[in-house]
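Just the heavy atoms: all of them, side chains too, but no hydrogens, waters or symmetry mates, feed the values below.
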Amino acid sequence: MHRKTFLILVMIQIIACLSACSLRKPTRENIPSDTTLESMQAKDNSEKTQVCSVVRNEEINGRTLQIDVEVVFPDLHIMKNIKLGANTEKRDQLVEDWILSKVPETKSVSTPYQTMWDVEVDGSYYETLCIDADNIRVNYLNVANDIKSDIMEEDEMLWFSPHYITSLCPPLLNITAVEAAKEASQILAQYSCFTYTPWNIVAYNAETELESGAYCMELQPLFNDAPVFDQYQPGRDEHVQSAKIMTWMSADGIFSFQGNLLLKETGKTDISQVLSLECAVEKLIEDFPIYAIGKSVYVTEICAGYYLQGNATDDTCTLIPGWAFECRDSAEKSSHERQYTCFYDFESGKLHLLEY
C-alpha cells in the first residue's frame, strides 16, 4: 500500500512539473529535479549521466498521444549553432584514396554541376567517383564489386523504417549488420566533421542461393556525439537537404557510397536561451493537430540533437540544436505506420516536421 501511494505521488509531481511550463516562452534550461530524474553511472564510470523519464498519455480530440521514454541529458549549454561548409582538403584526400592511389593517371572531367573521375578497363567503366560543384555531395561506385542485384529483403517497407537493422547475413559476408555499419562509419568519418551511426540497414541476396550479397546501410551523422536530423527534398535550389550517407558493402568491402560527406565546421554562435524539456513536451501536445494523422501517436525516443538547415545562397548549412521527438503514427487507411521526427529549436521553439 505504501509503495502504491508513493508511486501515485511521484506521478502527480511529474504531471504538475510538465503542466507548469509556459507554452510560448522558452526558458533557459534548468535540469529538472522533480521530473522522475535520476543519476546513472556512465559506462566508463568516470562521470554521472543524468536521465529523465517522461511519461504522458494525452487524449486530444478523440485521438491519443503516448510518451513513455527515458531521456539522456547531454551538457545542453555547450550546444551551439554550428555553421558548416565545404572541406576541400578532405575532397582531395577522398580523390587520392579512392581513385588516384590505385590509378594515378586518371583524369577528371568537369561540368558546371560536378567533377567526375572514371576508371575504364577494356573500354568499360570499372570505377567512378563524382563530386558535385559544391564540393560536398559525393557519389562513388566500384562496378567490379557491385553485386548486380535488386533482390532486397522481402518486406521492402523495412527500407523506410528508422533504426531498423537486419538480422540477416548476405552470402560471403561473415560480419553482422552492426559490425558492417561500424566498419563503414570509421572509413567515411575520415572525410567529414561527422561520425556516423546506423539509421537503417537492409540485406541484399540474403535469402537466395546467389554467390554474393551486400548490406545496404543508411548512416545517420553525429556531431560531438549528438544525432543530426534532416529531411531529403530533391532540388538544386536547396542546399544540403540531408547529411545521411548511403553505403553498400559486399564481402569485398565498400563498393558504393553517396551523400553529403565533405563538410567541416566553419563557425559557431551561442544561443540566447534553451527550450526546456518540459516546454518542448507541452509544445508537442499543443502541435498535435499539425503532425498527427492516425488515431494514436507513440513517441519512441526523445533526445537532444541538431537539425540540419541548408542555405542555397552561399553553399553553407547550419546545425541548429534542439529537442527531437521520434514518433510512430498509426496512419489511417494504411497497413503501415507513418514515422517522423518533431524537432523543436532550443532558441526559438520552432517546430520542424521531418518525415521519412
Side-chain angles (χ1 to χ4, degrees), residues 26-29 72-97 113-115 131-138 185-197 199 219-245 257-277 280 303-324 341-354:
T27 60
R28 187 170 298 278
E29 174 64 26
V72 178
F73 279 83
D75 187 350
L76 300 178
H77 298 98
I78 68 171
M79 297 183 74
K80 305 176 186 297
N81 292 318
I82 308 295
K83 195 78 170 285
L84 302 177
N87 191 331
T88 54
E89 292 181 359
K90 293 297 185 182
R91 172 189 183 274
D92 294 341
Q93 181 185 342
L94 183 76
V95 175
E96 175 66 27
D97 291 348
Y113 301 108
Q114 61 192 14
T115 300
I131 299 178
D132 281 8
D134 59 16
N135 286 319
I136 293 174
R137 184 165 181 82
V138 173
S185 298
Q186 290 173 341
I187 292 171
L188 297 176
Q190 300 176 73
Y191 309 104
S192 179
C193 61
F194 297 132
T195 55
Y196 294 95
T197 190
W199 175 259
L219 305 177
Q220 181 184 26
L222 305 172
F223 187 83
N224 291 339
D225 295 326
V228 175
F229 294 87
D230 52 37
Q231 182 173 27
Y232 180 67
Q233 298 172 332
R236 288 192 176 275
D237 57 335
E238 296 183 22
H239 185 74
V240 190
Q241 301 91 354
S242 173
K244 292 188 180 73
I245 298 294
F257 56 86
Q258 62 184 39
N260 294 303
L261 182 65
L262 303 171
L263 287 162
K264 68 176 180 180
E265 180 182 331
T266 61
K268 57 187 174 184
T269 58
D270 292 332
I271 54 179
S272 60
Q273 56 190 5
V274 178
L275 182 71
S276 69
L277 177 57
C303 65
Y306 291 96
Y307 167 65
L308 183 74
Q309 180 171 281
N311 185 345
T313 60
D314 61 358
D315 281 353
T316 63
C317 52
T318 303
L319 295 175
I320 300 172
W323 292 110
T341 295
C342 293
F343 189 96
Y344 289 93
D345 288 6
F346 277 164
E347 192 164 26
S348 69
K350 179 182 177 181
L351 168 64
H352 301 274
L353 180 57
L354 310 177

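- With hydrogens and angles ignored, the 3.5 Å screen pairs no side-chain donor or acceptor of Gln93 with any backbone N or O of Tyr191.
- Annotation: side chain to side chain donor-acceptor pair (under 3.5 Å) contacts of Asp270 (sequence neighbours excluded): Lys80.
- We find the CD-CD distance between Gln273 and Glu347 to be 6.5 Å, quoted to the nearest 0.5 Å.
- In this structure, Asp345 CG and Lys350 NZ are separated by 7.0 Å, a value rounded to the nearest 0.5 Å.
- For Thr269, the side-chain contact (heavy atoms from CB on, under 4.5 Å) partners are Asn81, not counting sequence neighbours.
- Here Thr88 pairs with nothing under the side chain to side chain donor-acceptor pair (under 3.5 Å) rule; sequence neighbours left out.
- A donor-acceptor pair under 3.5 Å links the side-chain atoms of Ser242 to the main chain of Lys244, judged by distance alone.
- Under the rule for a side-chain contact (heavy atoms from CB on, under 4.5 Å), Asp92 has no partner lying at least two apart in sequence or in another chain.
- Atom CD1 in Ile245 sits 14.5 Å away from atom CH2 in Trp199 (nearest 0.5 Å).
- Scanning for side-chain contact (heavy atoms from CB on, under 4.5 Å) contacts around Asn87 gives Glu89, Lys90, Lys264, with sequence neighbours left out.
- With rounding to the nearest 0.5 angstrom, the CG atom of Asp134 is 9.0 Å from the CG atom of Leu262.
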### Query
Given Leu219 and Thr197, is the side-chain contact (heavy atoms from CB on, under 4.5 Å) satisfied, shown in steps?
CA-CA 5 Å; Leu219 305 177; Thr197 190; over 6 Å; no
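- Between Pro227 and Cys303 there is a side-chain heavy-atom pair separated by less than 4.5 Å.
- Atom CG of Asp75 has more than 12 heavy atoms from other residues, nucleotides or ligands within 6.0 Å.
- Taking 4.5 Å as the limit, every side-chain heavy atom of Cys317 sits out of range of all side-chain heavy atoms of Gln309.
- Between Leu261 and Tyr196, some side-chain heavy-atom pair lies under the 4.5 Å cut-off.
- Asn260 is not listed as a side-chain neighbour of Asp230, based on a closest heavy-atom distance of 4.5 Å or more.
- With sequence neighbours excluded, the residues forming a side-chain contact (heavy atoms from CB on, under 4.5 Å) with Cys193 are Leu84, Phe223, Leu263, listed by chain and number.
- Counting heavy atoms from C-beta outward, Leu277 and Phe73 have side chains that approach closer than 4.5 Å.
- Note that the CG atom of Leu188 and the CG atom of Leu94 stand 9.0 Å from one another [nearest 0.5 Å].
- Every residue was checked against the side chain to side chain donor-acceptor pair (under 3.5 Å) condition with Tyr306, not counting sequence neighbours, and none meets it.
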### Task
Output, in order, the C-alpha distance, side-chain angles, deciding distance and verdict of side-chain contact (heavy atoms from CB on, under 4.5 Å) for Cys342 and Leu353.
CA-CA 5 Å; Cys342 293; Leu353 180 57; 4.0 Å; yes
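- Listed by chain and residue number, Trp98, Tyr140 satisfy the ring pair (Phe, Tyr, Trp, His ring centres under 6.0 Å) test with Phe257 (two or more places apart in sequence, or in another chain).
- Within the 4.5 Å cutoff, the side chain of Ser185 has no heavy atoms near those of the Thr195 side chain.
- The shortest heavy-atom contact between Ala280 and Trp323 is CB-CD1, 3.7 Å.
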### Query
So Val95 and Ile131, side-chain contact (heavy atoms from CB on, under 4.5 Å) or not? Walk me through it.
CA-CA 9 Å; Val95 175; Ile131 299 178; 3.9 Å; yes
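- Classification of the Phe229-Phe343 ring pair by plane angle, with boundaries at 30° and 60°, yields tilted.
- Residues Ala189 and Phe194 come closest through the heavy atom pair CB-O, 3.6 Å.
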### Task
Step by step, work out the side-chain contact (heavy atoms from CB on, under 4.5 Å) result for Asn224 and Glu265.
CA-CA 11 Å; Asn224 291 339; Glu265 180 182 331; 5.7 Å; no
